[in-house]
Each structure stands twice: as C-alpha cells, then as structure tokens.
2 protein chains.
Amino acid sequence: MARRVTLIDVARHAGVSRTTASYVLTGTGRVSTATRERVQASIETLGYVYNEGAASLRRKSRTIGVIVPKIDRPFFGEVLSGVESTFTASGYMALMVATRNRLDQQDRLLRMLREHQVAALVIIPATASDHELVDAIRSWDVPTVFLSRYVRGSTEPYVGSDEVRGGYLAADHLVRAHGCRSITYLGGPTRGIARADRLEGVHRALAESGSEVNLVDLISESTVEAGLRAGHELVGSGLPDGIICHNDSIAMGVARALYDTGRVGATRIIGYDDIVPAKVSVPSLTSVATGGQLLGETAARSVLAVISGAEPAVRSHLAEPRLIVRESCGDHVGGDAATS
Amino acid sequence: MARRVTLIDVARHAGVSRTTASYVLTGTGRVSTATRERVQASIETLGYVYNEGAASLRRKSRTIGVIVPKIDRPFFGEVLSGVESTFTASGYMALMVATRNRLDQQDRLLRMLREHQVAALVIIPATASDHELVDAIRSWDVPTVFLSRYVRGSTEPYVGSDEVRGGYLAADHLVRAHGCRSITYLGGPTRGIARADRLEGVHRALAESGSEVNLVDLISESTVEAGLRAGHELVGSGLPDGIICHNDSIAMGVARALYDTGRVGATRIIGYDDIVPAKVSVPSLTSVATGGQLLGETAARSVLAVISGAEPAVRSHLAEPRLIVRESCGDHVGGDAATS
DNA sequence: TTGTAAGCGTTATCAT
DNA sequence: ATGATAACGCTTACAA
C-alpha cells in the first residue's frame with residue numbers, strides 16, 4: 001500500500017516549498033498565479049488529499065459538537081437538519097451525539113467532544129440539566145449555544161422559541177375562540193423548564209380572558225404511546241374542554257384515543273412543534289409551530305459567527321411561535337387537510 | 001488564558017516520561033501500579049484533557065463518517081439512532097452528514113469526510129448513486145458498509161432488509177388474505193433499487209397466487225404531502241383493491257385522503273418501515289417493519305469489528321422484514337390501536 | 001513572492 | 001518497567 005501523499009510531496013512535485021503549497025491550499029498568503037496553477041496541477045496528478053486532522057493540530061479544528069437528547073424524535077430531526085446543513089455549507093462538520101436524556105451520558109459525551117477538540121458546541125441539554133452543566137461548559141471555554149432548551153437560571157447564549165408565548169397562544173385560542181372552561185396541559189418532562197414556561201403562558205392567557213377556567217396539569221411521557229394511554233384515561237375520567245399537549249406526538253396519541261372511543265371532536269386538542277404528520281392526523285392537529293429547522297440554522301450560524309471572529313459572543317435569539325389552526329380544535333371539522 | 005495542559009506537563013508533574021504517561025492513558029505497555037497512580041493523580045490535579053486530534057496523527061482516528069440522504073426522515077432517524085449509540089458506546093464519534101439525495105453534495109461530503117481522516121464509513125447512498133460512488137470509495141480504501149440502500153450491481157458490504165421479501169409479504173397479504181385483484185405500488189424514487197426489488201417481490205407473490213391481478217406502478221415523492229395528493233387522485237380515478245406504499249409517510253397521506261373523501265376502508269393500504277406514528281394513523285397502518293434502529297446498530301458493529309481488526313472485511317447482513325398487520329388493510333376495522 | 005524552521009500533542013520503536 | 005527520540009502532516013512567524 002502506497003504511502004499517503006502529503007503536502008511535501010506536492011511541494012516537491014511542483015518545485016516549491018511546503019509553505020507555498022500550503023498557501024495555495026488555504027488561500028492564505030500571496031502566491032503568483034503561475035505557481036498556484038502548478039501546485040494545483042500537482043495536487044491533481046498526485047491525488048493529494050488535505051489532512052484536516054494534522055491541520056487542526058495547529059489551527060482551530062473544523063468540527064463542532066452537536067448534542068441532542070434523542071436523534072430520532074421528529075422535532076430534533078428537523079433541528080439537526082438545520083444545524084447540519086448550515087455547518088457543512090461552511091466547511092464545518094458536526095459530531096452528533098445523543099444523550100438519551102441522561103445526565104451521565106451527557107457528561108461522558110461532553111468529555112469526548114472536548115477530547116476531540118471541537119471548535120464549538122451546540123447543545124439541546126438533557127431535561128434534568130442544571131448549573132453543573134453550565135459550569136462545566138463555561139470552564140471548558142468553548143463557544144456554545146444552548147438550543148431549544150435552556151438551563152434554569154442560566155443566562156448562557158440561547159436559541160429557541162418563546163415558550164411562554166407558545167403556551168399563551170394555545171390557551172388563548174382555546175379560551176377566546178372556543179370558550180373552553182376546563183383545560184388540561186398534558187405531558188412534558190416534569191422538571192422541564194419548557195413545561196413551566198408554557199404553563200406560565202397558559203396562566204397569563206387565562207388571566208387575561210377574565211373567565212373562570214379550570215386548569216389541570218397532567219404529567220406523561222412525550223410519546224405517541226403515552227398520549228394514547230393518557231387519552232383513554234381522560235375519556236374515562238371525563239374530558240376537559242380542551243387539551244394542550246406538550247408535543248405533537250402526544251397529541252396524535254390523544255387524538256387516536258378519542259377516535260377509538262368514538263369521541264372525535266368531544267374535546268379540542270392542541271399540539272406543539274407542528275411536525276409533518278400532524279397535518280394528516282385525524283383530526284389534523286392544531287399546533288404551535290416553532291420552526292425546528294430554522295432554529296437549528298440560527299443556532300449554527302450563531303456559533304459560526306463567533307468562531308470566525310465576526311461576533312464577540314454567541315447571540316441569543318428567541319423566535320416567535322405561530323399557532324397553526326387545523327381541525328383538532330374544532331374549526332375545520334369536515335374540512336380538507338390538503339388545503340391547510 | 002493558560003496554555004493547554006499536555007501530556008508533557010503530566011509527565012513532568014508525575015516525574016515520569018511522556019511514554020509512561022501515554023501508557024497509563026491508553027492502557028498499553030506495562031506500568032507499575034505505583035507509577036500509574038501517580039500519573040493518574042497528576043492528570044487529575046492538572047486537569048489534563050486527552051487530545052484525540054493529536055493522537056490521530058499517529059494512530060487511526062476514532063471518528064466515523066455517517067452519510068444519509070436526509071436527517072429528518074423518521075426512518076433515517078431511527079437508523080441514525082442505532083448507529084450513533086453503537087459508536088459512542090465504543091468510544092467512537094460519528095460525523096453525520098446529509099446529502100439531501102443529491103450526488104454533488106454526496107461527493108463533496110465524501111471528500112470532506114476523507115479529509116477528516118474518518119476511520120470508517122457508513123453510508124445510505126443517495127438514490128441516484130451508481131458505480132462511480134462505489135469506485136470512489138473503493139479507491140479511497142476505507143472500511144465501508146452500505147446501509148439500507150445498495151448501489152445497483154455492486155457487491156460491496158451491505159446491511160439492510162430484504163426488499164424483495166418485503167414486497168412479497170405486502171402483496172401476498174393483499175392477495176391471499178384479502179383477495180385483492182388490483183394493486184397499486186405507490187411512491188419511491190423512480191430509479192431506486194429498493195423500489196425495483198420490492199416490485200420483484202410483489203410480482204413473485206402475484207405469480208405464486210395464481211390469480212389474475214392488475215398491478216399498477218405509480219411514481220410519487222415519498223412524503224406525506226405527495227401521498228395525500230396521490231390518494232385524492234386515486235379516489236378520483238378509481239381506487240384499486242389494495243395500495244402498497246413505498247413508506248409510511250406516503251401511506252399516511254393516502255389514508256388521510258381516503259378519510260377526507262369519506263372512503264375509509266374503501267381500499268387496503270400497506271405502508272413500509274413501520275414508523276411510530278403509523279400506529280395512530282386513521283386507520284392504523286399495516287406496514288412492513290424493517291427495524292431501522294437495529295439495522296443501524298448492525299452496520300455500526302460491523303465496521304467497528306473491521307476497524308478493531310476482529311474481522312477481515314465488513315460483513316453483509318440482510319434482515320428479514322416482518323409484516324405488522326393493523327387496520328389499514330381491513331383486518332381490524334373498529335379495533336383498538338392501543339392493543340396493536 | 002517564496003523559503004526556512006519551529007512548533008502542535010500524541011504514539012511507537014528501540015534502548016536501557 | 002521506564003526513557004529518548006523520531007515520526008505524523010500541517011501552519012505560520014520570520015527571513016530572504
């Protein structure tokens with residue numbers, strides 16, 4: 001097996017020094033057009049391949065750590081898609097890892113990423129993350145943006161959507177447009193800050209409405225299956241006028257439970273995240289859209305700006321969520337999902 | 001800002017040589033317990049962090065390239081989840097990239113991964129990939145496994161499910177269990193090999209059944225929206241007895257179109273991949289389950305074995321798909337999705 | 001515009 | 001069991 005072709009070989013072949021060869025590679029320094037073309041030709045004929053790893057020993061690496069709780073959750077998939085495309089478009093590559101929402105895994109992965117010398121970090125922290133995580137990252141001193149979830153009490157750079165506003169939009173719609181008098185907030189991690197924020201928004205909407213509304217706070221996992229179970233239980237124990245689900249997966253489960261029990265339309269359901277299949281759920285889901293892909297892009301652009309020195313610190317960014325109204329809250333029953 | 005702590009610092013602090021320090025780090029070589037503990041203490045007090053990049057300059061790197069068409073497709077999410085967990089559990093990290101099913105992107109990303117010295121490659125090739133891709137990877141000479149899609153005519157190591165068998169299972173069920181006389185295969189990339197293979201299985205099932213079946217081959221994108229459109233068109237032009245969809249997203253779209261037009265149950269629908277929301281679709285989807293997560297794990301384990309020298313070459317593996325029967329093909333109409 | 005040479009932080013070979 | 005020392009392939013002052 002032939003030895004790897006290195007920059008020295010290229011230089012020798014082109015009759016220049018390593019420096020010059022390096023210059024044409026990186027675009028740095030001044031090189032005459034003639035030399036540049038000669039070097040480029042040599043690169044071509046020798047089949048030279050740049051060694052990013054070796055280069056990273058001198059300058060900053062071009063890999064960025066990306067941490068998410070789960071890789072296969074639809075919403076995270078959208079976010080990751082935005083992150084990845086932004087990075088690779090700029091010549092960076094993402095080391096993606098999943099914590100499965102476990103703090104010990106998160107610590108381990110953080111450590112591994114650090115050992116891999118990532119130039120920056122984009123992290124959707126595990127739900128139970130606290131200040132220890134923030135401190136660990138701070139002491140590491142790498143450009144970091146928290147994405148979609150932030151750590152309670154932390155003021156670290158954060159890109160996400162306005163959860164309070166999202167909760168508000170959902171509750172406001174149920175109360176004002178549909179006159180709901182009893183609302184259940186269903187699902188989401190117990191200790192999660194998003195849950196607390198959305199509930200705050202809900203309370204705000206209820207207060208503004210001035211009407212007496214009975215709000216029930218129900219914990220459940222954030223999966224389709226959990227939503228299905230919860231839906232059946234709610235049918236058994238008495239349905240509220242409206243249900244705000246922590247995400248669309250839960251909402252789809254609930255919707256299906258209503259369908260199973262012949263209670264379609266017996267309550268209004270609002271989901272969260274507006275993932276693709278929400279459109280074709282029966283009924284199609286009214287949902288709070290947060291624009292996962294765009295959030296991912298924004299976060300990625302943000303750390304890239306810092307790395308390249310364009311910005312001194314990562315910028316925080318709070319996106320405005322939108323309420324996508326569909327059948328599940330009663331407005332379009334019998335309507336056509338294709339037109340929504 | 002303090003200089004990075006290196007192995008030299010550790011060695012000095014512990015009063016040993018770099019070599020010895022390196023030995024305790026990697027577990028290689030013989031080191032007395034006393035020395036080992038002394039070094040470990042120094043690592044602790046100095047806050048030393050291993051530099052994977054520097055190490056990769058000497059030994060093989062511990063990053064592996066993972067290429068998929070789209071990161072946010074439910075099935076790929078499941079696959080990626082399996083790949084990632086297997087890699088990180090073994091101390092490897094995945095550089096994940098998405099080609100968006102475009103060959104130029106795929107070439108570019110391949111190049112980037114190569115420059116990053118990945119130790120191996122796991123790739124779900126873009127649909128239109130041909131022998132040029134195989135040749136490029138071959139000449140690069142890195143342990144590679146093709147995952148979930150293979151390149152026409154190639155005999156490269158491949159981990160996937162038996163597409164022919166999958167098509168067979170679907171068609172056989174429609175014909176034998178339900179006596180369908182007209183079947184439409186809907187969706188999937190025109191030039192895709194999976195499509196061709198599944199259709200072969202369908203034909204085989206039809207031939208075996210001995211009955212006269214009218215098979216229509218309908219192209220469409222593999223999205224919920226496309227399924228929705230196709231469903232409406234089929235309703236307009238006349239529904240076949242059964243529809244085999246290239247994936248569950250299409251199937252959910254079709255199901256919704258039937259619902260919209262009041263034709264639920266008017267034809268039998270079979271999806272593919274058995275993604276989570278298929279369970280709560282209305283009707284819940286009969287689907288060919290391919291076990292995405294497990295496929296991902298298998299592929300990952302396979303390349304890891306090669307890297308560590310346990311196996312001479314990557315092993316191919318063809319998983320047996322299973323038909324998950326639910327309401328959408330008429331067996332359980334009115335049944336309870338929760339029990340499926 | 002181009003060349004010289006000193007790192008970057010490991011691993012691995014060969015002595016001792 | 002431990003230590004010197006030469007790679008690994010690139011970037012970047014500084015010199016010419």
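In what follows, chains carry the letters A, B, and so on, assigned in the order in which the sequence lines appear, proteins first and then strands, with residues in each chain numbered from 1. All values derive from a computational prediction rather than experimental measurement.
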Taking 4.0 Å as the cut-off, does a side-chain nitrogen or oxygen of A:S17 come that near to OP1 or OP2 on C:dG3? yes
Under the salt bridge (charged side-chain N to carboxylate O under 4.0 Å, His left out) test, which residues partner A:R152, sequence neighbours left out? none
Any chance CZ of A:R100 has more than 12 other-residue heavy atoms, nucleotides or ligands included, within less than 6.0 Å? no
Rounded to whole Å, the CZ-C1' distance (B:R12 to C:dG9) equals 13 Å
By ring pair (Phe, Tyr, Trp, His ring centres under 6.0 Å), B:Y50 pairs with (sequence neighbours left out) none
How long is the line joining CD1 of A:I8 and P of D:dT11, in whole Å? 12 Å
Rounded distance (Å) that lies between atom C1' of D:dG9 and atom CG of A:L46: 15 Å
B:L7 atom CG is separated from D:dT5 atom P, nearest whole Å, by 17 Å
Excluding sequence neighbours, so at least two apart, what forms ring pair (Phe, Tyr, Trp, His ring centres under 6.0 Å) with B:F146? none
Strictly below 4.0 Å: does A:T20 bring a side-chain N or O up to OP1 or OP2 of C:dT1? no
Axis-to-axis angle for the helix from C:dT1-D:dA16 to C:dT16-D:dA1, ends of five pairs each, to 10°, equals 30°
Ring pair (Phe, Tyr, Trp, His ring centres under 6.0 Å) with B:Y158: which residues, sequence neighbours excluded? B:Y150
Shortest side-chain distance from B:Y50, nucleotide among C:dT11, D:dA1, C:dT1: C:dT11
Between A:T6 and D:dG9, is there a side-chain N or O to OP1/OP2 distance below 4.0 Å? no
If the threshold is 4.0 Å, N to carboxylate O, is there a salt bridge linking B:R59 and B:E52? yes
What integer distance in Å separates B:K60:NZ from D:dC8:P? 16 Å
Length of the CZ-C1' vector between B:R62 and C:dT10, whole Å: 12 Å
Determine yes or no for a side-chain-to-main-chain donor-acceptor pair under 3.5 angstrom, with B:Q117 supplying the side chain and B:S61 the backbone. no
Mind listing the N/O atom pairs, protein and nucleotides 12-16 of chain C, below 3.5 Å?
| unit_1 | atom_1 | unit_2 | atom_2 | d |
| --- | --- | --- | --- | --- |
| C:dA12 | O4' | B:R58 | NH2 | 3.4 |
| C:dA12 | N6 | B:T19 | OG1 | 3.2 |

Separation of D:dT2 C1' from B:R38 CZ (nearest whole Å): 11 Å
Under 3.5 Å donor-acceptor, B:E84 side chain and A:A98 backbone: yes
Atom-pair distance (CD on B:E115; P on D:dC8), nearest Å: 20 Å
Check this one for me: any side-chain N or O of B:S56 less than 4.0 Å away from OP1 or OP2 of C:dT10? no
Looking at B:P157 and B:S316, what are the two nearest heavy atoms and their distance? CA-OG, 3.3 Å
